[in-house]
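Model, not experiment: these values are computed from the prediction.
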Amino acid sequence: MRRAHTVEQVRAAEADLMARLPEGALMQRAAAGLAYAVVDLLGSAYGRRVLLLVGSGDNGGDALYAGALLARRGVQVEAWLLSEHAHPGGLATLKQAGGRVTGRPGRPDLVVDGIVGIGGRPGLRPEAVAALRSLDGVPVVAVDTPSGVGVDTGELDGPHVTAAVTVTFGTHKIAHLVDPAARASGAVHLVDIGLDLPEAPVEALQPDDVAALLPRPRPDAQKYTRGVVGVRAGSAEYPGAGLLSVAGAASGLCGMVRYVGDDAVADRVREAHPEVVGAGRVQAWVVGSGGGKHAGDELAAALADGVPTVVDADALRHVRVPIAVPAVLTPHAGELAAMTGADRGDIEARPLHHARSAAAAYGAVVLLKGRHTLIAAPDGRVRVTTTGTPWLATAGAGDVLGGLIGSLLAAGLTPYDAASVGSWLHGAAATLASGGGPVTAGAVAASIPAAVRGLADG
Ligand SMILES: NC(=O)C1=CN([C@@H]2O[C@H](COP(=O)(O)OP(=O)(O)OC[C@H]3O[C@@H](n4cnc5c(N)ncnc54)[C@H](OP(=O)(O)O)[C@@H]3O)[C@@H](O)[C@H]2O)[C@@H](O)CC1
Ligand SMILES: Nc1ncnc2c1ncn2[C@@H]1O[C@H](COP(=O)(O)OP(=O)(O)O)[C@@H](O)[C@H]1O
Ligand SMILES: [K+]
């Protein structure tokens with residue numbers, strides 16, 4: 001599991017560890033990891049030019065100590081002090097190692113952003129903005145966090161650094177996983193400094209977590225014990241949505257798929273998926289994609305069954321609190337805006353806040369779709385999906401996702417696990433199907449079994 005902790009949690013763990021270690025030991029660990037990552041990105045050390053942007057706190061201290069390590073390896077290191085105060089020990093060590101303080105740097109090969117880390121408020125001061133503007137186009141390695149981002153919120157409120165690589169310490173911070181700040185973090189490299197941390201409020205499944213959660217058929221399995229998922233999606237106007245929901249559900253992760261809906265759509269579903277059957281008992285429902293004006297009735301019929309339900313697309317605006325069954329709601333930002341009355345732009349700017357609020361308000365798991373899809377539980381826990389490719393932003397991809405999550409619900413996963421495992425597999429399948437090029441929703445569905453095969457045994 002990749003875990004992201006709050007600043008308060010990191011501070012507490014840091015205080016605990018620092019009390020047991022010689023002074024400065026943690027900063028030395030951080031600086032060593034940072035220097036290593038900088039050389040890795042540069043490809044070599046001797047003769048390369050690195051500029052440190054240094055703020056007033058320990059984030060600047062990390063940059064200065066790392067700069068000293070780089071200078072000893074032959075890197076030409078300059079430090080641009082953006083505050084009247086700079087970490088005294090770090091500054092002295094940099095100078096001893098041959099680094100220089102400058103106010104007018106030449107054009108470096110790489111910039112180290114040590115302006116501000118977990119002690120920072122969102123936004124940057126004018127001196128930092130001007131410095132960054134003069135260095136436009138030079139790759140930036142951010143120390144701990146890209147300066148200026150909302151570390152605990154993942155929000156961007158004002159100017160901020162956009163990093164190629166972020167080297168962080170002890171644990172991920174929420175800004176590294178949650179958009180839009182995650183986009184400003186670039187590739188995130190975690191340096192272990194030995195912090196002992198509590199449960200994380202935000203996490204991202206990794207392949208071994210998905211392998212462990214994935215429902216697998218027991219040796220004595222039969223189709224009914226593996227679970228049956230029912231799909232109520234598609235309509236005469238939007239038959240494709242029904243086909244794609246079924247394609248996601250029929251990837252083999254549960255025992256059987258039932259389709260209930262428009263006769264003409266049902267004929268096409270059976271043609272494309274001969275294994276799909278009609279009405280009967282199910283362990284989970286998927287409702288809404290392409291349902292058009294029938295979506296409200298279909299949702300009511302599904303909820304009357306009392307089994308866990310995925311509510312997508314057209315059915316979302318018919319959801320009323322309290323929802324009578326364990327549910328996964330799967331809106332994109334526009335659909336969530338229509339449900340809650342919030343502004344769509346504000347949802348895109350503050351997806352963590354809005355996903356959490358909606359999960360609490362509806363008493364259901366809310367999966368907010370996007371580049372880094374968020375899965376929020378009513379108790380406040382959040383998982384972030386980091387698999388996928390921008391090629392997945394294609395019509396019908398969401399229909400496939402709903403069907404896939406429904407099959408995992410039918411197989412017995414909790415709504416939170418079904419939504420997060422389904423979203424992870426959906427992204428992994430898209431990456432496989434894409435191979436770096438365009439992809440269709442149908443191809444994503446067809447790649448789900450390969451994405452499952454790519455996991456180690458759980
Ligand atoms: N925790 C750990 O385990 C470890 C932590 N370590 C490192 O310590 C870092 C945290 O250091 P920190 O506490 O000194 O805070 P930090 O981020 O440097 O900022 C402090 C000062 O910046 C200022 N400032 C604020 N907002 C600003 C803005 N928008 N724009 C400009 N300036 C702004 C404000 O000071 P002011 O100028 O207002 O007086 C504030 O007091 C952490 O990120 C990691 O790198 C590692 O060394 C080892 C293990
Ligand atoms: N930039 C992006 N990068 C990766 N995945 C994305 C991006 N934008 C959207 N997606 C994913 O693509 C899918 C689109 O679903 P949705 O918006 O419901 O489309 P549709 O309604 O046409 O099926 C979602 O799984 C979403 O997370
Ligand atoms: K920083």
Side-chain angles (χ1 to χ4, degrees), residues 2-15 17-18 24-38 40-41 50-70 79-80 82-83 86-87 89-90 94 110-125 128 131-132 139-156 159-178 180-195 197 200-202:
R2 183 165 297 170
R3 295 187 165 81
H5 291 89
T6 64
V7 171
E8 196 186 339
Q9 289 176 315
V10 172
R11 294 279 194 211
E14 178 197 31
L17 184 59
M18 282 210 302
L26 280 192
M27 196 175 267
Q28 297 307 328
R29 288 182 192 176
L34 175 60
Y36 186 87
V38 167
D40 196 44
L41 193 68
V50 167
L51 175 67
L52 315 175
L53 296 180
V54 181
S56 61
D58 284 357
N59 194 250
D62 292 344
L64 291 165
Y65 280 114
L69 294 171
L70 293 167
W80 188 346
L82 295 173
S83 165
H87 192 280
L94 175 72
L110 187 146
V111 168
V112 172
D113 156 30
I115 304 170
V116 71
I118 61 173
R121 292 175 294 280
L124 292 173
R125 293 186 183 149
L132 288 163
V140 177
V141 173
V143 183
D144 210 10
T145 63
S147 297
V149 305
V151 180
D152 277 348
T153 61
E155 295 168 18
L156 300 176
H160 61 88
V161 165
T162 299
V165 173
T166 295
V167 181
T168 195
F169 312 117
T171 180
H172 287 80
K173 316 300 180 295
I174 290 167
H176 300 140
L177 295 183
V178 171
R183 284 203 297 275
S185 303
V188 181
H189 180 75
L190 176 64
V191 176
D192 182 10
I193 56 169
L195 298 184
L197 289 148
V202 174

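Heavy atoms only, all atoms of each residue included: Ala184 and Val149 are closest at CB-CG1, 4.4 Å. Pairing each heavy atom of Val161 with each of Pro146, the nearest pair is O-CB, 3.4 Å. Of all non-hydrogen atoms in Ala30 and Ile193, the two that sit nearest each other are N-CG2, 4.1 Å. Thr6 and Pro201 get closest at one heavy-atom pair: CG2-CG, 3.9 Å. Taking each heavy atom of Asp113 and Ser147 in turn, the nearest pair found is OD1-OG, 2.5 Å. When all heavy atoms are compared, the tightest approach of Ala200 to Ala4 is CB-O, 3.5 Å.
Using a 4.5 Å heavy-atom cutoff, the side chains of Arg3 and Leu197 are not in contact. Side-chain contact between Val191 and Tyr36 is absent, with no heavy atoms from C-beta onward closer than 4.5 Å. Proximity of Ile115 to Asn59: side-chain heavy atoms (C-beta onward) are nowhere separated by under 4.5 Å. For the pair Asp152 and Lys173, the minimum side-chain heavy-atom distance is 4.5 Å or more. Put simply, the side chain of Val112 reaches to within 4.5 Å of the side chain of Val143, judged on heavy atoms. Side-chain contact between Leu26 and Met18 is present, with at least one heavy-atom pair separated by less than 4.5 Å. At least one side-chain heavy atom of Leu52 sits under 4.5 Å from a side-chain heavy atom of Leu94.
For the atom pair CD of Glu8 and CD1 of Ile118, the computed distance is 11.5 Å after rounding to the nearest 0.5 Å. How far OG1 of Thr153 is from CD1 of Ile174: 8.0 Å, rounded to the nearest 0.5 Å. Summarising the geometry, atom CD belonging to Glu14 is positioned 8.5 Å from atom CE belonging to Met27; distances are rounded to the nearest 0.5 Å. Here the NE2 atom belonging to His160 is positioned 8.5 Å from the CG atom belonging to Leu124, to the nearest 0.5 angstrom. The line from CG of Leu34 to CZ of Arg29 is 16.0 Å long, rounded to the nearest 0.5 Å.
Taking His87 as the reference, Tyr65 meet the ring-ring contact (aromatic ring centres under 6.0 Å, His included) condition, with sequence neighbours excluded. Here Arg121 pairs with nothing under the salt bridge (charged side-chain N to carboxylate O under 4.0 Å, His left out) rule; sequence neighbours left out.
Each of Asp192, Leu195, Val10, Asp62 was scored for a side-chain contact (heavy atoms from CB on, under 4.5 Å) with Phe169, with one residue passing: Asp62. Screening Val141, Val165, Leu51, Leu70 for a side-chain contact (heavy atoms from CB on, under 4.5 Å) with Leu110, the sole residue that qualifies is Val141.
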Exercise for review: List the steps and the verdict of side chain to side chain contact (heavy atoms under 4.5 Å, CB included) for Asp144 and Val151.
Suggested key: CA-CA 10 Å; Asp144 210 10; Val151 180; over 6 Å; no
**Study point:** Worked verdict on Val140 versus Thr162 for side chain to side chain contact (heavy atoms under 4.5 Å, CB included)
**Key:** CA-CA 7 Å; Val140 177; Thr162 299; over 6 Å; no
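Under a 3.5 Å cut-off, the side chain of Thr166 and the backbone N or O of Ser185 do form a donor-acceptor pair.
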